[in-house]
Amino acid sequence: MTTSTSTEFVVSGAEALLRVDPVGLSATSAELSMTAGPWLADPVAGVCRGALGVPLDDVTGYVIASGAPQGKWPVSLGIRVDFLVDPPVDGAAVSITGELVARDERGGATRGSVVDAAGATVALITQRSHLVAVEEQPTSTAATIAAPAPEVTLREALGVQDFGSGVVELAPTPFAANGMGNIHGGILIVGSELAAMSAVDAHGELRTTSIDISYVRPGNAADTTGFRAEVLHRGRSLMVVRVAAANSSGKPCALATVVLRRYES
Ligand SMILES: CC(C)(COP(=O)(O)OP(=O)(O)OC[C@H]1O[C@@H](n2cnc3c(N)ncnc32)[C@H](O)[C@@H]1OP(=O)(O)O)[C@@H](O)C(=O)NCCC(=O)NCCSC(=O)Cc1ccccc1
């Protein structure tokens with residue numbers, strides 16, 4: 001894969017947290033690599049599949065960024081992710097690829113996937129991106145953020161507080177930020193997953209099978225982000241949960257539908 005433009009992947013807090021590394025980028029396709037370690041295991045969500053939202057959001061969004069005109073940068077407008085199997089938690093690398101589906105003057109549509117070392121598909125994404133005006137393109141911060149120690153879980157690194165019944169908060173942290181200082185679209189997927197699991201009082205026996213999320217206004221990673229989940233359907237094995245995320249202003253920044261399934265051990 002070739003890098004055909006001056007746009008480069010920006011490693012901000014969210015990419016450092018998820019151990020995401022650039023592989024290749026062009027205006028039509030992109031590839032990232034991610035180390036999938038024990039920090040993805042979670043006592044409530046089982047394995048935090050939503051964490052794959054960070055590299056999936058990046059790998060598709062940066063295809064649009066790469067072909068965007070000067071002074072414009074894409075923000076994620078809507079993402080649909082389907083999770084097929086758990087990502088590894090043993091430190092193996094997974095490959096994340098994205099490709100252009102369509103582009104116009106307002107943004108574009110992209111799709112992508114996560115594939116494990118054996119070639120099995122772990123997750124699929126469809127994304128719609130929207131171009132906003134920026135004074136300058138985001139760049140990697142001079143002070144590179146180091147990943148937390150391997151024993152620090154994603155839940156701990158994000159300062160997640162679970163108040164029960166679907167009320168969850170993420171602390172203000174650079175680990176939640178994208179290159180613009182806004183809360184990363186993939187971190188909003190993580191928070192939505194944890195809130196949905198909290199709403200159904202999960203203890204690791206369920207898995208997230210899909211998340212469909214709309215980003216309705218930018219969220220600020222330097223502020224607390226609250227998630228409130230409402231159970232729409234609770235069957236024996238299938239659950240559908242709606243989650244709203246908002247900063248301390250109370251205005252929603254993301255609205256998600258999370259589908260959970262019970263897996264027999
Ligand atoms: C712009 C639009 C997409 C569409 O909005 P519309 O419905 O047509 O707009 P409407 O005028 O009705 O305003 C609605 C509200 O939006 C606010 N607002 C509007 N425009 C701007 C603006 N330019 N800047 C700031 N705020 C703006 C506006 O004030 C209002 O709020 P208010 O009621 O006053 O409090 C908006 O929904 C949006 O920004 N969504 C969030 C996208 C997002 O954060 N995605 C996830 C992160 S991306 C990611 O992580 C990927 C990545 C990786 C690495 C590196 C980089 C990226």
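Only this structure's heavy atoms are used, side chains among them; waters, hydrogens and symmetry mates stay out. Each ligand, and each atom within it, is numbered from 1 in the order the structure gives. For the single chain, residues carry numbers from 1 onward in sequence order.
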Among all protein heavy atoms, pick out the one at the shortest distance from [atom]; state its residue, atom name and that distance to 0.1 Å.
atom                    : answer
atom 1 (C) of ligand 1  : H130 CD2, 3.9 Å
atom 17 (C) of ligand 1 : P218 CD, 4.0 Å
atom 7 (O) of ligand 1  : V216 O, 4.7 Å
atom 55 (C) of ligand 1 : Y62 OH, 3.6 Å
atom 50 (O) of ligand 1 : G185 N, 2.9 Å
atom 40 (N) of ligand 1 : Y215 O, 3.1 Å

pair [X]-[Y]: side-chain heavy atoms closer than 4.5 Å:
X    : Y    : result
I213 : L188 : yes
D201 : H203 : yes
V115 : V122 : no

Suppose I only count heavy atoms of [X] and a 4.0 Å limit; which atoms of ligand 1 are within that range?
X    : answer
G179 : 55 (C)
I183 : 47 (C)
W73  : 55 (C), 56 (C), 57 (C)
V75  : 42 (C)
D58  : 53 (C), 54 (C)

Does [atom] have a protein non-hydrogen atom under 4.0 Å from it?
atom                    : answer
atom 5 (O) of ligand 1  : no
atom 19 (C) of ligand 1 : no
atom 26 (N) of ligand 1 : yes
atom 35 (O) of ligand 1 : yes
atom 47 (C) of ligand 1 : yes
atom 22 (C) of ligand 1 : no
atom 31 (O) of ligand 1 : yes
atom 9 (O) of ligand 1  : no

Looking only at heavy atoms, is any part of [X] under 4.0 Å from ligand 1, and if so is it the side chain, the backbone, or both, or is it neither?
X    : value
H184 : both
L188 : neither
R217 : both

For ligand 1, is there an atom lying under 4.0 Å from some heavy atom of [X]?
X    : answer
N182 : no
V10  : no
I187 : no

Have [X] and [Y] got a donor and an acceptor in their side chains that come within less than 3.5 Å?
X    : Y    : result
D57  : S76  : yes
E31  : T97  : no
D21  : S33  : no
D212 : T257 : no

Inset, instruction - Tell me, with the steps shown, if V47 and R207 meet side-chain contact (heavy atoms from CB on, under 4.5 Å). - result: CA-CA 7 Å; V47 176; R207 288 295 185 275; 4.2 Å; yes
Inset, instruction - Let me see the working for L154 and F175 under side-chain contact (heavy atoms from CB on, under 4.5 Å), right down to the final yes or no. - result: CA-CA 10 Å; L154 208 55; F175 285 134; over 6 Å; no
Inset, instruction - Would you indicate which of L131, N178, L77, I189 comes nearest to atom 2 (C) of ligand 1 when only heavy atoms are counted? - result: L77
Inset, instruction - Would you mind finding which of A65, G78, S76 brings a heavy atom closest to atom 42 (C) of ligand 1? - result: S76
Legend entry - Geometric cation-pi criterion R155 and W39, 6.0 Å radius, 45° cone: no
Inset, instruction - Check whether any N or O atom of K251, backbone or side chain, sits under 3.5 Å from an N or O atom of ligand 1, and answer yes or no. - result: yes
Inset, instruction - Looking only at distances, please establish whether an N/O atom of ligand 1 is found under 3.5 Å from an N/O atom of E15. - result: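 Looking only at distances, the answer is no, because the N/O contact criterion of under 3.5 Å is not met.
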Legend entry - Least distance between heavy atoms, A195 atom then V243 atom: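 That would be CB-CG1, 3.9 Å.
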Inset, instruction - Classify the ring geometry between Y62 and F9 as parallel (under 30°), tilted (30 to 60°) or perpendicular (over 60°). - result: tilted
Inset, instruction - State plainly whether the residues R111 and E99 are in salt-bridge range, i.e. N to O under 4.0 Å. - result: yes
Inset, instruction - For side-chain contact (heavy atoms from CB on, under 4.5 Å), just list the numbers for I187 and L170, CA-CA rounded to whole Å, side-chain angles, deciding distance to a tenth of an Å, and then say yes or no. - result: CA-CA 9 Å; I187 298 295; L170 259 55; 3.5 Å; yes
Over 12 foreign heavy atoms within 6.0 Å of [atom1], [X]:
X    : atom1 : value
E136 : CD    : no
R217 : CZ    : yes
R228 : CZ    : no

